[in-house]
Amino acid sequence: MQATQKPIPILDMEPEINALWDEVNAAIQGVLRSGQFIMGPEVKAFETEVAAYLGCKHAIGVNSGTDALVIGLRAMDIGPGDEVITTPFTFFATAEAISMVGATPVFVDIDPLTFNLDVSKIVVTPKTKAIIPVHIFGQGVDMDPVLALAKQHNLKVLEDVAQAFSGDYKGKKLGTLGDIGAFSFFPSKNLGAYGDGGLITTNDDALAETCRMLRVHGAKKKYYNEVVGYNSRLDSIQAAILRVKLPKIEEASAGRRRVADLYRELLKDVPGVNLPFEADYNRHVYHQYTIKVPNRDAVQQALEAEGISTMVYYPVPCHQLPIYKGLGYQLPLAEQAAAEVLSLPIWPTMAQEIQERVVQALKQALQ
Ligand SMILES: *Cc1c(COP(=O)(O)O)cnc(C)c1O
């Protein structure tokens, strides 16, 4: 690496925090002054605003994306003896949530173009209760066939939207198509808090009521607890911060798409690079810009030596993790993706010169 060149992180959060510094500080101080730290007016206001943005009836703030998945599954009455279909090519939390409620994950191989679960490979059994499509890397799953299959077999659909806030499918926001949407506000997600946070969305009044009850120890009325629930609220300070960031999300997603377009242009004739596919039914919001390359580990090391951080999401598909290995799955397309994928640096305001440096180093690494 040339001494004058700054290392390039996979995600640079500094431009965002610099731009929002005064507004975020004012929001935090507002909560401190109000003294309402748990479920105060900021949480309510954020829930109202985010539901209006997404175009859904209910939005319920929780402590994390993982909790949104767990509470969503519980609200759908999924538990021991039930099977839930999902993709192996996701962050562990998706499968973990299924296991946490006592159900069994059933892994279906992926479409190697979109990295999303291949709906045509789903096999429904009498034990199947739900499907969790994961909109991986910011690209929507082809939802119409998922919803048709769910309708045919009377299954619930829980969208894992942790990586795809503000993405859409045929003009509708992801997370509003199934019975429930589960979002994460982990700081590096497209809409990130400055700490943990999550959200459940639904258009179903009964599911919403159950989720609201489960997030506060299973009580609709305080101290009249009905079921064993969770302590899982969206923190008021995080809600206030998210209220600052929500109005800027369209601009941020447009920025990510602009960065993706330039990568596509710069990389289009580079031999060996397999570019991300963008399905025409969705607006991809590029949580990650994930390419496929030969000799992936060597390429990653060569980039690291040039001061360029990349990530492998995910080196081990869920079905090959120790706790699920015993289920005996062989899912060759997910396994192949895990061996070839490389996520390049991307953030909404990434400058062209920085992208050019990444591409230059990648070309060298591939030679
Ligand atoms: C980040 C993530 C989660 C978990 O969200 P947390 O807020 O970290 O609990 C779940 N699913 C996917 C696909 C994710 O990327």
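First listed ligand is number 1; within each ligand, the first listed atom is number 1. All values below come from the heavy atoms of this structure, side chains included, with hydrogens, waters and symmetry mates left out.
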* What about A162: any of its N or O atoms under 3.5 Å from an N or O on ligand 1? -> no
* State whether the shortest distance between N or O atoms of T90 and N or O atoms of ligand 1 falls below 3.5 angstrom. => no
* To do: Can you sort out the partners of K325 under side chain to side chain donor-acceptor pair (under 3.5 Å), two or more places apart, ordered by chain and number?
  =>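 Once residues adjacent in sequence are excluded, K325 has no partner under the side chain to side chain donor-acceptor pair (under 3.5 Å) criterion.
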* With a 3.5 Å cut-off and no angle check, do the side chains of Q300 and E304 form a donor-acceptor pair? ->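 No, because no side-chain N or O of Q300 sits under 3.5 Å from a partner of the opposite role on E304.
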* Select one of side chain, backbone, both or neither to describe which atoms of D160 lie under 4.0 Å from any atom of ligand 1, heavy atoms only. =>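 The answer is the side chain of D160.
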* To do: Check each atom of ligand 1 against the heavy atoms of V134 and keep those under 4.0 Å away; list them by number with element.
  => 13 (C)
For [atom], what is the nearest protein heavy atom, given as residue, atom name and distance?
| atom | value |
| --- | --- |
| atom 4 (C) of ligand 1 | T66 OG1, 3.6 Å |
| atom 8 (O) of ligand 1 | F186 CD1, 3.8 Å |
| atom 7 (O) of ligand 1 | S184 OG, 2.6 Å |
| atom 1 (C) of ligand 1 | K189 NZ, 1.5 Å |

* Asked: Does the side chain of I354 reach to within under 4.5 Å of the side chain of W347, using non-hydrogen atoms?
  -> yes
* For atom 15 (O) of ligand 1, which candidate among H135, Q163, E96 provides the closest heavy atom? ->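 Selected option, by shortest heavy-atom distance: Q163.
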* Can you tell me if R215 uses its side chain to pair, donor with acceptor, with the backbone of Y230 under 3.5 Å? -> no
* Is there a chain of hydrophobic side chains (I, L, V, M, F, W, Y, each step under 4.5 Å between heavy atoms) that links L246 to I237? ->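 Hydrophobic grouping puts L246 apart from I237.
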* To do: Would you please indicate yes or no on a ring centroid separation below 6.0 angstrom for Y53 and F165?
  =>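 Between Y53 and F165, which both carry aromatic rings, the centre distance is below 6.0 Å.
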